[in-house]
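The next block holds one structure in the form of structure tokens; read it before the comments.
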Amino acid sequence: MSNQIITIRNIAQHVGAAVTIQGWLYAKTGKGKLQFLQLRDGTGIVQAVLFKPSLPEETFEAAKHLTQESSVIVQGTVKQSERAPGVPGGYEIEVTDLQVVQVAEEYPITPKEHGIEFLLENRHLWIRSRKQWALLRLRATVMRGLRDWLDKQGFLEMSTPILTPAAGEGTSTLFKVDYFGDQIYLAQTGQLYNEANIYSFGKVYCFGPTFRAEKSKTRRHMTEFWMLEPEIAFCDLEQLMQLEEQMMCALVQRCLEECAEELKVLERDRSVLERILPPFPRVSYDDAVVQVQKMQAETTDPEQKQLLQIEWGQDFGSPHETALTKQYDRPIFVYGFPTQCKAFYMEPWPNRPEVCKSVDMLAPEGYGEITGGSERISNTELLLKRIHEEQLPEEAFKWYIDLRRYGSVPHSGFGLGVERTVAWIAGIHHVRETNPFPRTLGRVYP
RNA sequence: UCCUUGGUAGCUCAACGGCAGAGCAAUCGGCUGUUAACCGAUUGGUUGGAAGUUCGAAUCUUCCCCAAGGAGCCA
């Protein structure tokens, strides 16, 4: 047991060497005097081959009776082999010794197909499966990529509170928490706190879980999801869009580079991602409404006609976003939404108070909104006016209003939904698979 | 909250008023190149729950529970 312990991801560096691999049995087939074990070690999958005549009887018999997900330590020689399956494929281990750590009990998730209810009930095991493994590794790369990029741009990560005293933008969608007898809430954004942070640090972001008690049951919704929220001093709406597109392009590029194997497992079409280059089309809300109305007029499907119905002043629903983004091959910015369908703190458009300096980034292929941001109101009186218009409790926003009194500057920020971003980059249907243990309406187990 | 679909073996499903079935998994045996291997055998059931209709209910009716998909709302 003196061989070097290697990771499967780096197996190419060890061709010809005697190595040790520690992992789990992912799948097994046998043919008489041969046993083929597919082993996982967390970094990849490799095939280990046992040939009966060249091994002690008990070693071969032990391999033959291994069950799926049994934990093993395998020693052998790394060989290149065209036909060997794995991640990365093309390599296999010619086994010289096998140590069984534990023979697993009958494993519920077989290589055959399973229903979504069963898989979600067994999420703690499902994450071991190839596709889920690839997806969650991609998620980690996305999170690391976003952090690294912002850090290089001079941003500082600031933690914002999860336990918060008051509603950011209305109380209907917040989870209530009992705080020693007082009612407080789980945060649905760190933005307001970041607006305080920029006056100390210039450019900041918070990155953490956020909570929405909405009774949404769709493939784009979870009650707990991760959000990245950058906030920048001395930044207007146009500068914000530039920052967002640069960040998104750098992120996609990094995923293409670092997650080639994962994207292969996910069967993601790389060429779609390679097209993600600046600039992203900028579409005003006014134009977007006209585009959707035109599509609505042209469609012959009565159901679509119903779903695509929209008047100026209404926010886009997902059918609208889907129809709109399908016309582009890269993310688009939709900017200048009606003030009435956005939050109170957004800067009004010059000479058009019914419109605000807001912008959503919509991902292509029908994925829809992945970021939402705006330039914030920097004038004290204007902010007060908007708080009163929305009938929000001025007292609760005292500290927030204070920020406009001491060196106020134009500033902007946005929130990026991690799960939606990962779902889009991975090309998968439902956001819940991009979180190791998703919380959705009606499911908090496991 | 509303609409739609579903719940039968560990899993995926069939049986749609007349004996509870198949494939996979598991167990045993065979096979020197398997990729969801293949071949043979064995094991496996309170048909989501309750009530009703019927000679007879997995199947029809009512109520309930659970889940999934979608809408509204949102990232």
Given [options], the nucleotide with the shortest approach to the side chain of [X]:
X	options	result
A:P85	B:U32, B:U34, B:A71	B:U34
A:R219	B:A37, B:G69, B:G70	B:G70
A:K215	B:A75, B:G72, B:G69	B:G72
A:R83	B:G10, B:G69, B:U35	B:U35
A:L120	B:C74, B:G29, B:A68	B:A68

For atom CD of A:E238, is the number of surrounding heavy atoms from other residues, nucleotides or ligands below 6.0 Å larger than 12?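 Yes, the 6.0 Å shell around CD holds more than 12 heavy atoms from other groups.
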Please confirm whether any donor atom in the side chain of [X] sits under 3.5 Å from an acceptor in the base of [N], or the reverse.
X	N	value
A:E92	B:G33	yes
A:K112	B:A25	no
A:Q47	B:U34	yes
A:S216	B:G72	yes
A:K217	B:A68	yes
A:R420	B:C74	yes

Any base atoms under 4.0 Å from [X], or only sugar-phosphate, or nothing? Heavy atoms, all strands.
X	answer
A:G368	nothing
A:I370	sugar-phosphate
A:T371	sugar-phosphate
A:Q38	nothing
A:R130	nothing
A:R220	base
A:F118	sugar-phosphate
A:E117	sugar-phosphate
A:I109	nothing
A:T67	sugar-phosphate
A:D315	sugar-phosphate

Side-chain N or O of [X] less than 4.0 angstrom from OP1 or OP2 on [N]?
X	N	answer
A:K31	B:G33	yes
A:R443	B:A68	yes
A:H114	B:G10	no
A:S318	B:A71	yes

Please lay out, stage by stage, how A:M346 and A:T339 fare under the test side-chain contact (heavy atoms from CB on, under 4.5 Å). CA-CA 8 Å; A:M346 296 189 181; A:T339 307; over 6 Å; no
Test: A:R130 cationic atom under 6.0 Å from A:W133 six-membered ring centre, within 45° of axis: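 Checked: cation-pi criterion not met.
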Looking at the rings of A:W312 and A:Y285, which for Trp means the six-membered one, are their centres under 6.0 Å apart?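 Under 6.0 Å, so yes.
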Suppose we call two aromatic rings close when their centres sit under 6.0 Å apart. Are A:F397 and A:Y345 close by that rule? no
Length of the CG-C1' vector between A:L441 and B:G69, whole Å: 13 Å
A:T43 vs A:D41, test: side-chain hydrogen bond (donor to acceptor under 3.5 Å, both in side chains). Steps then yes/no. CA-CA 6 Å; A:T43 73; A:D41 75 342; 2.8 Å; yes
Is the base of B:A25 stacked against the aromatic ring of A:Y107, taking ring centres under 5.5 Å apart and planes under 30° as the test? no
